[in-house]
Undergrad: 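One structure, pasted below without further comment.
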Amino acid sequence: MKKIVLSAAALAMTAGMAMAESHSMTVRMGTEGAYPPFNYLNDDGEVDGFERELGDAICETAELTCEWVTNEWDSIIPNLVSGNYDTIIAGMSITDERDEVIDFTQAYFPPDPSAFAAMSDSFDGTGVIAAQTGTIQASHVASMDGAQLVEYATPDETIAALRSGEADAVLADKSFLEPIVAEDADLVFSGGDVMLGGGIGMGVRESDTELKEKLDAAIAKLKEDGTVNTLIEKWFDGMEAPY
Amino acid sequence: MFASCADPETLTGLNWLACYLTNGKHLLFYQSFGTVMLLLVITAPVALAFGFLGASAARSHVAPFRWLGKSYTSIVRGVPDIAFFLFFVIALDQAFEWLRHQVKCPDWGQPIRQGSDFVVCDAAKLPLSSSPQWVHETYGFALAVLTFAIVFGAFAANVLFGAMRSVPHAQMETAEAYGFSSRQAFWRILVPQMWLYALPGLSNLWMILIKATPLLFLLGVEDIVYWARELGGSKTARFSDYPHGDWRMWYFGALLVFYLLLTKVSEVALDRLMTRLSHGQATSGGEAQRKAAA
Amino acid sequence: MSCWETIADYGLRSLGIGERLLPRSDFTLCQQFTLIGSGMLWNIYFGVLALAFGFFLSIAVALGKAAHNPLLRKAAEWFIFLFRGSPLFIQFFFAYFAFLSLKSVHPVFDPFTSAWLGALIVLFLNTSAYAGEIFFGALKAIPKGDLEAADAYGLMGWKRFRRITFPTMLRLAWPAYTNEAIFLFHATALVFFSGFPAWQQRGDALYYASYFADKTFNPFVPYPILAFYFILLTLCVIGVFGAINRRLTRHLPQDRRPKMRLRPMLVR
């Protein structure tokens, strides 16, 4: 409570003055909060996961004050370019289309294969395949011969569709499917992995070159001292240190 | 919440449920009901104000005002609310920042639109990027209220426009006969009387407003639907102390009960209000009251 | 690619006819107009059919609510309360869940999880409840004299209903019913947005609008296009219902005909 009162007073002051240069820049980190293990809300309702820990480490290295914000996946890029937060750190693959609109830091996670989760081994890449609306996986399924794409608004619903038999398989990032398949005896990986998109990086506005450089430098440093590797090994079972 | 909840894996049955239902996420879920009620309570008068302005403009004698009022009501009413919600918040935010930018940073050298970026000077940012999170949330909430008010203001304008025309003409003539100016007649006769005629339409609008709140999550507010989806989705043991399957059915069931209750309470309250407003009025409702009393 | 080719390729894309892959880069305004327009076919399909079927059920519901039989009356009241008291968003959710579990009972229910049938049923029930309430209000508002005149002519039962009660009720309810129709068309935008999944990227106008918003990262083009189409659709609805209104009221003296000014009384 005390904090709130203080910051309210601080706000009133800064609003009155012509915005004094702040000592450490506040960076607002936009994430989805629904994509474990990259990012999810824990039982306390706070952002948690691989990206939370990595993001905090990046901020510490780059000496930035970080504030976590969640935003729907659909509008995560429009809200970045319109300045509602300063970076996207939400398991976002670096793709050419996205790169045209925003800039990416260097990847902090290697290219993640997408995989099909199915109810049985007999899945052969044809039949009904579920994917989240508007993902690279959805466009990939749309172009597969013999496959029928069915799109759901959230990743949860794609899994629910698979369990209920609406879909024969789900195509999604393998690291997202891994813990789900591991815990459910009915589900298996089938039909081989597909490589879509590049590595995963942080998104920043194209005009924000200064921030991009800071983050880039911080990520490079964390890769060098092994922090990124440690975090990846902690959050992703059975993954080898990539950097 | 409770001390016994420290180790959820050991819990069973009701204890587990009690701990589950009081974890941090659930408390946020319960809070979001308050957010929705707060939004309803704030939006209603603001939308009414928009509606009043719109209706007054639509019956103005000055042509541009009239066109403005009429096109506001007909355009907004012609489009599904969801279409507005999907881009209005960003549009409003950019509009405010642009205005502030013009005032605060007249000497800014760079263009505001750089490629797809929308860049204003730091002092024009809304809220300032150094503001704490709760300011951002309040601002987001205010934008949501404004968006709702703009959309529902158009419907309210339509209702009030009709109500203003329903006030018996003789009353306005009587006012004139007593030497009221047209402004006086508007404020002292028309406005107080019109509420009775507007109430059925406005109560209907209130019901629609209630039922539009599940779309609040589109406006970036973490509302009950957001939390119901988040909590209901299946959880694996790695990322939660309370793993469970797909429980969305139960959470949406709770929302259903909430909305039905809210509708029922509103119906009863509005009925009472109608009875009171009808008192002594020259309408069939007022007539019935007179007969019952006699 | 010229705009005509785009229209030929994507004009019926929402029905699965034409180019299989949606455009992926170099989005043109023409593509956005064509695909969003193509999606409107679904909005029209849902709206028209739900209204057509809902018209009959809503009259039954209105008569049920006005019935003397308490069982009938309670059933109609609960039906109206349930569908008017809860958001369509949540109705879609439950319907999809229910249809999904029915599907495992018997393969007859297979098509119900598809939007073309499942969502249509939800919209049909939804509009029946709203219109039922409107028609009930109109039924109560029929001038006493009309019914007394019918008695005097010895009109009874079905004949009385068909000749007197029904036309008068329709005439009184029509402005509010027009409003309901407009709202129903707006509500069709929710079908693929929540609740029902889109198959093979065949969706309604909002589906394609959000597809473009998602791919171009710019919401300021596709959503206004969507708004433009809906305003056109609303104008068409007002036009058609206005024509019917003129027919319903043609026997009345000019000054007693209710104007199609949408009455504030029973807006949905």
Undergrad: With a 4.5 angstrom heavy-atom cut-off, is it the side chain or the backbone of A:Ser207 that approaches chain B, or both, or neither?
TA: both
Undergrad: A:Arg28 versus B:His136: any side-chain heavy-atom pair under 4.5 Å?
TA: yes
Undergrad: Measuring heavy-atom distances to chain B, does A:Glu67 have an atom under 4.5 Å in its side chain, in its backbone, in both, or in neither?
TA: side chain
Undergrad: Just list the side-chain donor-acceptor pairs under 3.5 Å for residues 153-172 of chain A, sequence neighbours left out, or say none.
TA:
from, atom 1, to, atom 2, distance (Å)
A:Thr154, OG1, A:Glu157, N, 3.3
A:Thr154, OG1, A:Glu157, OE1, 2.7
A:Glu157, OE1, A:Thr154, N, 3.3
A:Thr158, OG1, A:Pro155, O, 2.4
A:Arg163, NE, A:Asp184, OD2, 2.8
A:Arg163, NH2, A:Asp184, OD2, 3.2
A:Ser164, OG, A:Ala160, O, 3.3
A:Ser164, OG, A:Ala161, O, 3.1
A:Glu166, OE1, C:Tyr96, OH, 3.4
A:Glu166, OE2, C:Lys103, NZ, 2.3
A:Asp168, OD2, A:Val128, N, 2.9

Undergrad: Nearest 0.5 Å, please: how far is CZ in B:Phe239 from CH2 in A:Trp235?
TA: 6.5 Å
Undergrad: Distance check, rounded to the nearest 0.5 Å: B:Asp117 atom CG versus A:Leu80 atom CG?
TA: 7.5 Å
Undergrad: For A:Glu210, does the CD atom sit with more than 12 other heavy atoms under 6.0 Å from it, leaving out its own atoms?
TA: no
Undergrad: What distance separates B:Lys25 NZ from A:Asn42 CG, expressed to the nearest 0.5 Å?
TA: 7.0 Å
Undergrad: Count the heavy-atom pairs under 4.5 Å between each of B:Val120, B:Asp241, B:Leu28, B:Val119 and chain A, then report the option with the highest count.
TA: B:Asp241
Undergrad: What part of B:Glu222 lies closer than 4.5 angstrom to a heavy atom of chain A: side chain, backbone, both or neither?
TA: side chain
Undergrad: Looking at B:Leu231, B:Leu86, B:Leu218, B:Thr236, which makes the most heavy-atom pairs under 4.5 Å with chain A?
TA: B:Thr236
Undergrad: Can you pull out the residues in residues 246-253 of chain B with any heavy atom less than 4.5 Å from chain A?
TA: B:Asp246, B:Arg248
Undergrad: First locate atom CD of A:Glu183, then atom CZ of B:Arg238, and finally report the distance between them rounded to the nearest 0.5 Å.
TA: 8.5 Å
Undergrad: Let me have the donor-acceptor pairs involving side chains of residues 210-217 of chain B, under 3.5 Å, with sequence neighbours excluded, atom names and distances please.
TA:
from, atom 1, to, atom 2, distance (Å)
B:Lys211, NZ, C:Arg84, O, 2.4
B:Lys211, NZ, C:Tyr130, OH, 3.2
B:Thr213, OG1, B:Ile210, O, 2.6
B:Thr213, OG1, B:Tyr259, OH, 2.8

Undergrad: Which bit of A:Asn71 is near chain B, if near means a heavy-atom gap under 4.5 Å: side chain, backbone, both or neither?
TA: neither
Undergrad: Let's test your reading of the structure: which of A:Asp237, A:Val81, A:Val69 forms the most heavy-atom pairs below 4.5 Å with chain B?
TA: A:Val81
Undergrad: Would you indicate whether the side-chain heavy atoms of B:Tyr226 and A:Glu72 approach each other to under 4.5 Å?
TA: yes
Undergrad: Can you name the residues of residues 88-101 of chain B that have some heavy atom under 4.5 Å away from a heavy atom in chain A?
TA: B:Ile90, B:Asp93, B:Gln94, B:Glu97
Undergrad: To the nearest 0.5 Å, what is the distance between OG (B:Ser240) and CG (A:Leu41)?
TA: 11.0 Å
Undergrad: Considering only heavy atoms and a distance below 4.5 Å, find which of A:Gly83, A:Pro179, A:Ala182 pairs most often with chain B.
TA: A:Pro179
